[in-house]
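Everything below concerns the one structure shown next.
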Amino acid sequence: MITNRPYWKDAVVYQIYPRSFKDSNGDGIGDILGIISKLDYLKDLGVDVIWLSPVYDSPNDDNGYDIRDYKEIHKDFGTMEDMDLLIKEANDRGIKIIMDLVINHTSDEHPWFIASKDKNSKYHDYYYWRDKPNNWTSFFSGKAWTKVDDMYYLHLFSKKQPDLNFHNKDVIEEIKDIMHFWLKKGISGFRCDVINIIYKDSLANGKKRLVLTGLEHYHSTKGLHKILKELRTDVLDKYDAFTVGETVLVNTKEANDLILPENKELDMVFGFEHMETDQINNKWFKTKFKPKKFFKTIAKWQEEVYWNANYLENHDQPRSVSRFGNDTKYHLESAKMLCLFNLSLRGTPYIYEGQEIGMTNAYLNKIEDYQDLESIRIYGLAKKLLFPKKLRLKLLRNASRDNARQPVQWDSKEGFTNGKPWIKENPNKDKINVLANMEDPNSILNFYKKLIAFRKNSIVLKEGSFEKVYISKKIFIFKRKTKDKTYLVISNFTSKNVSYPFKIKGSVVFSNYDKQIDYIRPYEAMIIDLTY
Ligand code: ISL
Ligand code: CA
């Protein structure tokens with residue numbers, strides 16, 4: 001049968017946060033040669049595509065999301081030769097690489113920005129320079145404008161991340177050039193950082209909001225769609241490339257507008273709605289995880305969005321086993337349940353480094369141990385607001401991005417580095433590590449491996465439709481279905497026993513418990529073939 005189904009629909013994508021993945025030279029920082037040394041591990045796991053968080057030259061204000069030179073490799077990570085070797089070694093193993101395209105902003109140390117301070121330079125218009133700031137606020141809290149001499153520039157993130165002006169055609173040409181540069185080297189596409197906010201349709205004051213005043217002037221604007229179509233036609237379509245957009249605060253309609261094939265913009269996007277189900281009005285104020293709200297959100301995205309990028313964690317989010325599972329008594333069961341859940345959904349599954357061994361939140365107890373600029377800022381802000389120290393640390397412990405930025409726990413001794421790691425390692429690395437997982441046939445890692453292999457051979461999981469069957473405060477049941485096969489997927493997101501809500505006739509083809517009994521056990525998850 002001839003099919004024109006794109007490969008990325010069937011791919012399993014693995015995100016690498018290079019700083020924390022594997023250090024090869026003992027300086028305590030993960031690097032490209034470290035990644036190369038683990039390609040066989042990734043191949044064995046069943047990874048088809050690696051998404052590499054930024055490896056470009058950067059002063060590292062926001063760990064590489066502030067780029068100084070888009071065509072140079074950060075010296076902490078190695079050289080361009082190392083990068084070329086990585087692409088080659090990965091491709092030799094049938095693994096594709098997508099890179100992080102961070103174009104909403106550059107570093108303030110980028111030559112364009114330095115030149116832009118001169119009003120007479122052509123680069124002045126590459127950024128938003130104004131005599132007077134508006135009332136917009138930054139994603140990292142505080143004002144979105146900083147003054148240099150007698151002018152202000154816009155930065156939706158830190159002041160070391162000035163926003164590029166996408167009204168300027170030259171800026172768009174520069175971006176195309178950068179994309180060609182990397183695609184020609186043999187990469188297979190991009191994860192596009194905060195892509196839905198790059199085009200500001202006006203710099204008018206925004207409606208006052210608790211967070212992100214100004215949002216309505218730059219969120220999913222018309223101009224954005226035009227730019228994405230142009231990048232697609234002029235660049236991406238010339239290669240066998242795909243894109244996944246990181247799209248903050250989008251609803252399902254906005255997601256579809258960005259990804260429907262006929263629109264010719266992106267291929268899929270990361271939604272955030274499910275990640276917001278355990279918070280009050282911003283990420284720092286977490287509520288107890290309520291599975292029902294989470295299930296409903298997932299079901300909505302599954303039903304309404306053309307093609308999903310399914311993820312439960314990344315370098316900005318707490319670890320999923322600590323957040324949606326149980327990282328103590330039911331660590332093993334719940335990490336496997338989350339694996340089964342994510343890999344059974346309709347869409348392309350993403351796994352974040354360490355998720356495959358059930359790495360947990362860092363639970364750092366001292367402010368000195370935090371490295372993330374956002375966490376440090378929020379701690380300072382909470383201090384100004386007179387939050388007691390205990391509460392300040394609690395906010396960070398639950399929500400800090402550093403929860404997911406700790407080194408991958410390869411083995412209990414010299415696993416990640418021979419030197420001093422750039423960020424404190426999780427003391428549970430003695431127990432939770434890749435080596436121990438490899439040796440135990442019943443481990444989380446081996447569960448991932450088996451399920452990935454199972455999925456690859458399963459037309460139902462890859463191509464089947466999604467149908468919501470049952471949602472309660474504890475369990476989620478959905479169907480995946482093709483013409484001749486139906487799977488029922490059951491996941492218990494609690495540490496309670498739950499009775500089956502209805503009678504099921506079928507055979508269990510995958511499960512995180514040995515054999516089934518007449519009720520659903522804590523964090524039990526299974527795939528049942530109803531056509532058997
Ligand atoms: O984690 C967040 C802050 O609370 C998110 O709002 C995050 O800033 C947002 O998802 C955008 O993230 C991306 O762009 C940022 C970078 O710091 C993140 O690491 C990146 O994933 C700016 O480039
Ligand atoms: Ca290193």
Side-chain angles (χ1 to χ4, degrees), residues 15 17-37 51-56 58 60-67 73-79 82 100-107 137-142 144 155-164 190-198 211-212 215 219 244-250 269-273 275-276 279 281-286 311 313-318 350 352 371-378 381 395-396 398-405 407 416-422:
Q15 182 193 353
Y17 194 67
R19 267 192 122 53
S20 304
F21 188 66
K22 174 74 189 147
D23 177 24
S24 73
N25 62 353
D27 66 356
I29 302 172
D31 47 50
I32 294 172
L33 294 180
I35 299 174
I36 295 175
S37 74
W51 150 25
L52 211 54
S53 276
V55 288
Y56 316 94
S58 158
N60 252 348
D61 183 51
D62 187 14
N63 282 356
Y65 283 88
D66 48 320
I67 300 170
I73 296 295
H74 197 301
K75 60 178 183 349
D76 284 352
F77 297 145
T79 62
D82 296 345
D100 223 305
L101 188 69
V102 188
I103 56 174
N104 177 67
H105 41 266
T106 67
S107 161
T137 55
S138 137
F139 275 73
F140 292 151
S141 78
H155 54 88
L156 289 180
F157 292 88
S158 95
K159 67 174 187 218
K160 286 187 70 64
Q161 294 166 301
D163 282 44
L164 281 168
F190 299 98
R191 175 268 189 186
C192 310
D193 193 61
V194 292
I195 195 71
N196 63 320
I197 62 169
I198 61 170
V211 285
L212 296 178
L215 185 70
H219 188 267
V244 48
E246 189 215 20
T247 46
V248 285
L249 300 156
V250 290
V269 297
F270 292 120
F272 279 72
E273 239 186 297
M275 287 298 187
E276 287 156 5
Q279 68 190 37
N281 49 34
N282 72 66
K283 67 179 244 182
W284 300 102
F285 296 100
K286 295 243 174 279
Y311 75 100
E313 58 187 79
N314 62 37
H315 65 293
D316 291 335
Q317 303 286 341
Y350 286 73
Y352 177 62
Q371 306 288 339
D372 172 30
L373 85 160
E374 185 196 36
S375 305
I376 294 165
R377 275 182 77 151
I378 286 293
L381 190 73
L395 300 183
L396 296 196
N398 289 335
S400 167
R401 307 197 294 186
D402 278 342
N403 275 313
R405 295 181 178 185
F416 164 69
T417 179
N418 296 322
K420 187 174 179 305
W422 71 277

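Index from 1, following the sequence. One-based numbering, in listed order, for ligands and for the atoms of each.
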field: Taking atom 6 (O) of ligand 1 as the reference point, the nearest protein heavy atom with its distance
entry: F139 CD2, 3.9 Å
- line: If you compare F270, F157, W284 by their heavy atoms, the one closest to atom 15 (C) of ligand 1 turns out to be F157
- request: Could you check if a side-chain atom of D372 sits within less than 4.5 angstrom of a side-chain atom of D402, using non-hydrogen atoms only?
  value: yes
Shortest non-hydrogen contact from V55 toward F77: CA-CD1, 3.6 Å
- prompt: Hey, is there an N, O or S on T417 sitting under 3.0 Å from the Ca ion (ligand 2)?
  reply: no
- request: List the atom of V250, the atom of E273, and the distance in Å for their closest heavy-atom pair.
  value: O-OE1, 4.3 Å
- line: for atom 13 (C) of ligand 1, nearest protein heavy atom and its distance come out as D193 OD1, 2.8 Å
- request: Mark up the atoms of ligand 1 that fall under 4.0 Å of a heavy atom belonging to H315, in ascending order.
  value: 18 (C), 19 (O), 20 (C), 21 (O)
query: Closest to the Ca ion (ligand 2), which N/O/S atom of D23 is it?
result: OD1
- prompt: Under 4.0 Å from any heavy atom of F272, which atoms of ligand 1 are there?
  reply: 10 (O)
task: May I ask which of E246, K283, M275 has a heavy atom nearer to atom 12 (O) of ligand 1 than the others do?
output: E246
message: Ignoring hydrogens, what is the shortest heavy-atom contact between S53 and Y65? Give both atom names and the distance.
response: OG-OH, 3.1 Å
- prompt: Counting only heavy atoms, which portion of V248 has something under 4.0 Å from ligand 1: side chain, backbone, both, or neither?
  reply: side chain
- request: For V194, counting its heavy atoms only, list the atoms of ligand 1 lying under 4.0 Å from any of them.
  value: 11 (C), 14 (O)
statement: Note: ligand 1 atoms sitting under 4.0 Å from heavy atoms of E374 are 2 (C), 3 (C), 4 (O)
task: Ignoring hydrogens and angles, tell me if any N or O in the side chain of H219 forms a donor-acceptor pair with the backbone of L249 under 3.5 Å.
output: yes
message: Quick check: do I198 and L164 have side-chain heavy atoms less than 4.5 Å from each other?
response: no
D62/Q161 under side-chain hydrogen bond (donor to acceptor under 3.5 Å, both in side chains): CA gap, chis, key distance, verdict: CA-CA 9 Å; D62 187 14; Q161 294 166 301; 3.0 Å; yes
statement: the Ca ion (ligand 2) has as its nearest N, O or S atom from D31 the atom OD2
- prompt: H105 near ligand 1, heavy-atom distance under 4.0 Å?
  reply: yes
- prompt: Does the shortest distance from the Ca ion (ligand 2) to an N/O/S atom of F77 fall below 3.0 Å?
  reply: no
- prompt: Just wondering, more than 12 heavy atoms not from K159 lying within 6.0 Å of its NZ?
  reply: no
field: Smallest separation among heavy atoms of H315 and W51, with atom names
entry: CE1-CZ2, 4.2 Å
field: Of all N/O/S atoms in D27, the name of the one nearest the Ca ion (ligand 2)
entry: OD1
task: Any atoms of ligand 1 less than 4.0 Å from a non-hydrogen atom of R405? List them with their elements.
output: 19 (O)
message: Ring centres under 6.0 Å, that's the criterion: do F270 and Y311 meet it?
response: yes
query: At what distance is the nearest protein heavy atom to atom 17 (O) of ligand 1, and which residue and atom is it?
result: D62 OD2, 2.4 Å
message: Give me the residue, atom name and distance of the protein heavy atom closest to atom 5 (C) of ligand 1.
response: D316 OD2, 4.7 Å
- request: With H74 as reference, evaluate D31, N60, T79 under the side chain to side chain contact (heavy atoms under 4.5 Å, CB included) test and give the passing residue.
  value: N60
